[in-house]
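Numbers here are sequence positions counted from 1. The analysis underlying the following values was restricted to heavy atoms, covering all of them including side chains, and did not include hydrogens, waters or symmetry mates.
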Amino acid sequence: MQKKEPYQDHPPYHLTSRDQGQNYLPSTEVREVVMQVDDEMDLRDLLDTVIRRKGVVLACLLLCFTAVATYTLTLTPQFEATGVLRVSAQADKLTKFEGVESTVLKSMEFQQTQVELLGSEQLASRVIDRMDLINNPSFATTGGGSGEAQAMGLFDTVKAFIRPEENKDTFNLLSEDARQRIVIDKALEKFKELFAVTPIKNSELIKVSFAAISPTTASEVANTAMDEFINMHMDSKLKSSQDASRFLQKQIEAAQIKLEKSEIELQAFARKIGIVSLDPKSNLIMKQLEELNQSLAQARSHRISQEAKYQHVLGAGDQILNQMIENELIQNLKNQYATLLSDYEELGRTFKPAYPKMQQLGAKMDRIEERIRAEQNAIVESIKNDYESAVKAEEYLAARAEEQKQRAMDLEEKATQYKILEREVATNKGIYQSLLERSKEIEATVGAAVTNIQIVDYARPPLYPFKPRVARNLALGLILGLFGGIGMAFLLEYFDNTIKNPDEMAERFNIPVLGMIPYDKSADDDQVTMALKFYNEPRSPVAESFRTTMTSVRLSVADDPPKTILVTSILPGAGKSSLSSNACFSYLAEDERCLLIDGDLRKPSLHRIFRGGIRGAGLSTILSGMKDWREVVKPSEYPGLDFISSGPLPPNPAELLSSRRMRRLLQDAGKEYDRIVIDGPPYQGFAEILVMSHMVDGVILVAVEGKTPREGVKHFRRAVTNVGGRILGTIINKVGRRKGYSSYSSYKYYAYDYNYGNGNRKRG
């Protein structure tokens, strides 16, 4: 006898191939291969999740919408009045002089500075004092009156609960100054909350808004704020101008005294050293030095030119020298020489050089060459003389320039103090003139009401409240509730570790899906009705699904269909007992004898369905050796189906089920029955399933979408595989129990394909 190999490499086998001499208990060896699971979700999966969790989505939507609606409808309506200011970086000028604050006004941060000034406490204090807002009922800041309580709203109420305000008794114990300071601080804080400043992008315009429960108060405060801002700006300019005027007047007086003193000192020093002026145009020494420098520069340039020419003539050859030195005499001599040379060559064709005529021509040519050479030497000597003259002229001018330079240096040394005094006079004069101009400018602009801030639009009392915006808030509540509900649905889906799609069984755990049984609401609470569904309603969708499922079971091992089948689930309540009964009825429809065994020795249930079973004598009685299995098996009221109940519940079900009697029972019963279906207990980590999985031809796992945990399936597959058991596949039960599962529609196509093959197009 050989032990059964794992499912992948297992050949066709019979029940008798099991080794009856050994007990197979759960193995601790892990032989599972990690599978690649594609967890990528498509749009349909996301939609299925939302539909499946629609209760959570609707609850979040209703809760958020109700909270927003309650908050919105309980708020006191507020009115907002808005005015527009124009703030220019450059103010209009009455004079050609720039303002005292021109540098600030021209800065790139000017508009932002004005925005911050509009939100400053100084402006808020001026508006509060001018309008007496502290005593205005629409602007209540003390005592926690009813108007303030209505305007606080939900968030302010929560804030007051977290950070409670001081009570009246504590407030009255403070000094008058302390109470006044607290009131002013609260008024400023309240004003900043209701006052808004918004610069308009790419423009010089700034919106000024104020919110209040009274539209008249809102417009009056906004207009007052704009007026006070202009007044604050003008007061600031006036104060700056007055301060600057007083400061400049003192500076002018000091500068004038200093200028007069420096001029007197300059004149006295010039008279002492005899200097009229240091300007080169009126100073003889400086003028002569400048002329000598110019002449020296020209002489040096002429000398360099003559030197280069002379050096070139000395180093050049006769041919180059002839090209360089050209005059009329040399040109005539060269022409004569060329004529004689031509005649000499002509006679040379006829006569020899000793011929007298030839000798005469040669003598003439020699004399002409000597004259040319003498003339060239004379020209070279002339160039040399010119070069030497240029050198002497340069040396003479250099000596004279050095002498004049020494005189100028002596003069410069004497005039150093003069220059210092002259610069001091110029500096004092510039300072005095600048201060005088600035003083005249301030005098011209002190009384001018010119500012770079203008009111473009005054605020008008609004006709309708701006807050709360009921439609926007309700729409926002719907959107937030919807997205919050969807987010909560996906969050719950993420933490829900149960099987939600039949494809998970094949893709994630490599367990094929044999079929899907639809949810029957009429038989949900009646186990007997559901267990007899195939027999009592053979044309129902449930029965059609069982036919398709059991066909898949038969085809799971094509050469040798499984004879002994163990039906189990991960958790109780999956419907495995009902599926076991309907599986037997499916085999009866094929004229096969079937034996149904209640293998759940912990919490049996089949005795309620098949009342012919005797709970007093059953599987536990057989395994304990008290009776033979033929004495315990009882025929049911359905022809071809026999039943063995669980019998008395033993204290050690795992040991009984792993005994040799259990193997012998399956072996002997397999000789008399075509199919043996065992309704096993839930897996739940118990050893019974692992023990029996090695004894049967195959194990069927019953799963329920949304209930069967993934970890349980993972451990189940690993444990059954480790002990050598074969998992035929899984049956998805109660499909469509939770509306929204995509597998409910998939079930219809499973049933449709099966019936189409039988020539019947009816959908399940």
Within-4.5 Å side-chain heavy-atom neighbours: [X] and [Y]:
| X | Y | answer |
| --- | --- | --- |
| M505 | V713 | yes |
| Y683 | V720 | no |
| V699 | F716 | yes |
| V57 | L482 | yes |
| L619 | L665 | yes |
| I727 | R717 | yes |
| L492 | R53 | yes |
| R661 | I622 | no |

[atom1]-[atom2] distance between [X] and [Y], expressed to the nearest 0.5 angstrom:
| X | Y | atom1 | atom2 | result |
| --- | --- | --- | --- | --- |
| R539 | E544 | CZ | CD | 4.5 Å |
| I676 | L596 | CD1 | CG | 11.0 Å |
| T66 | L61 | OG1 | CG | 8.5 Å |
| I565 | I597 | CD1 | CD1 | 12.0 Å |
| L657 | M695 | CG | CE | 7.0 Å |
| L566 | L666 | CG | CG | 10.0 Å |

Which heavy atom of [X] sits nearest a heavy atom of [Y], and at what distance?
| X | Y | answer |
| --- | --- | --- |
| L480 | C64 | CB-SG, 3.8 Å |
| V677 | C594 | CG2-SG, 4.1 Å |
| I517 | S545 | CD1-CB, 3.8 Å |
| F534 | A589 | CE2-CB, 4.2 Å |
| S646 | D600 | CB-O, 3.7 Å |
| G599 | M692 | O-CE, 4.3 Å |

Check: [Y] main-chain N/O paired with [X] side-chain donor or acceptor under 3.5 Å:
| X | Y | answer |
| --- | --- | --- |
| T730 | L701 | yes |
| H694 | V723 | yes |
| S620 | P648 | yes |
| S659 | L656 | yes |
| K576 | P682 | no |
| T564 | D697 | yes |
| D642 | L595 | no |
| S540 | A543 | yes |
| N652 | E655 | no |

Next item on the list: For side chain to side chain contact (heavy atoms under 4.5 Å, CB included), just list the numbers for D668 and W629, CA-CA rounded to whole Å, side-chain angles, deciding distance to a tenth of an Å, and then say yes or no.
Entry: CA-CA 9 Å; D668 295 342; W629 70 275; 3.7 Å; yes

Next item on the list: Would you check, one step at a time, whether the test side chain to side chain contact (heavy atoms under 4.5 Å, CB included) holds for S581 with L532?
Entry: CA-CA 7 Å; S581 303; L532 303 178; 5.7 Å; no

Next item on the list: Can you label the angle between the Y535 ring and the F585 ring as parallel, tilted or perpendicular, going by 30° and 60°?
Entry: tilted

Output yes when [X] and [Y] qualify as a salt bridge under the 4.0 Å nitrogen-oxygen rule, no when they do not.
| X | Y | result |
| --- | --- | --- |
| E631 | K627 | no |
| R710 | E504 | yes |
| D628 | R630 | yes |

Notebook entry, point to check: Is NZ or CZ of R593 both nearer than 6.0 Å to the six-membered ring centre of Y673 and within 45° of the ring axis?
Noted result: yes

Next item on the list: Show your working on side chain to side chain contact (heavy atoms under 4.5 Å, CB included) between L641 and L588 and close with a plain yes or no.
Entry: CA-CA 7 Å; L641 176 61; L588 293 181; 3.7 Å; yes

Note to self: For a quick check under 3.5 Å, do D679 and S577 share a side-chain donor-acceptor pair by atom type?
What the structure shows: yes

Note to self: Would D598 and F643 count as a side chain to side chain contact (heavy atoms under 4.5 Å, CB included) here? Give the steps.
What the structure shows: CA-CA 8 Å; D598 192 348; F643 171 63; 4.3 Å; yes

Next item on the list: Could you point out which residue of K533, M550, R547 forms a side-chain contact (heavy atoms from CB on, under 4.5 Å) with N582?
Entry: K533

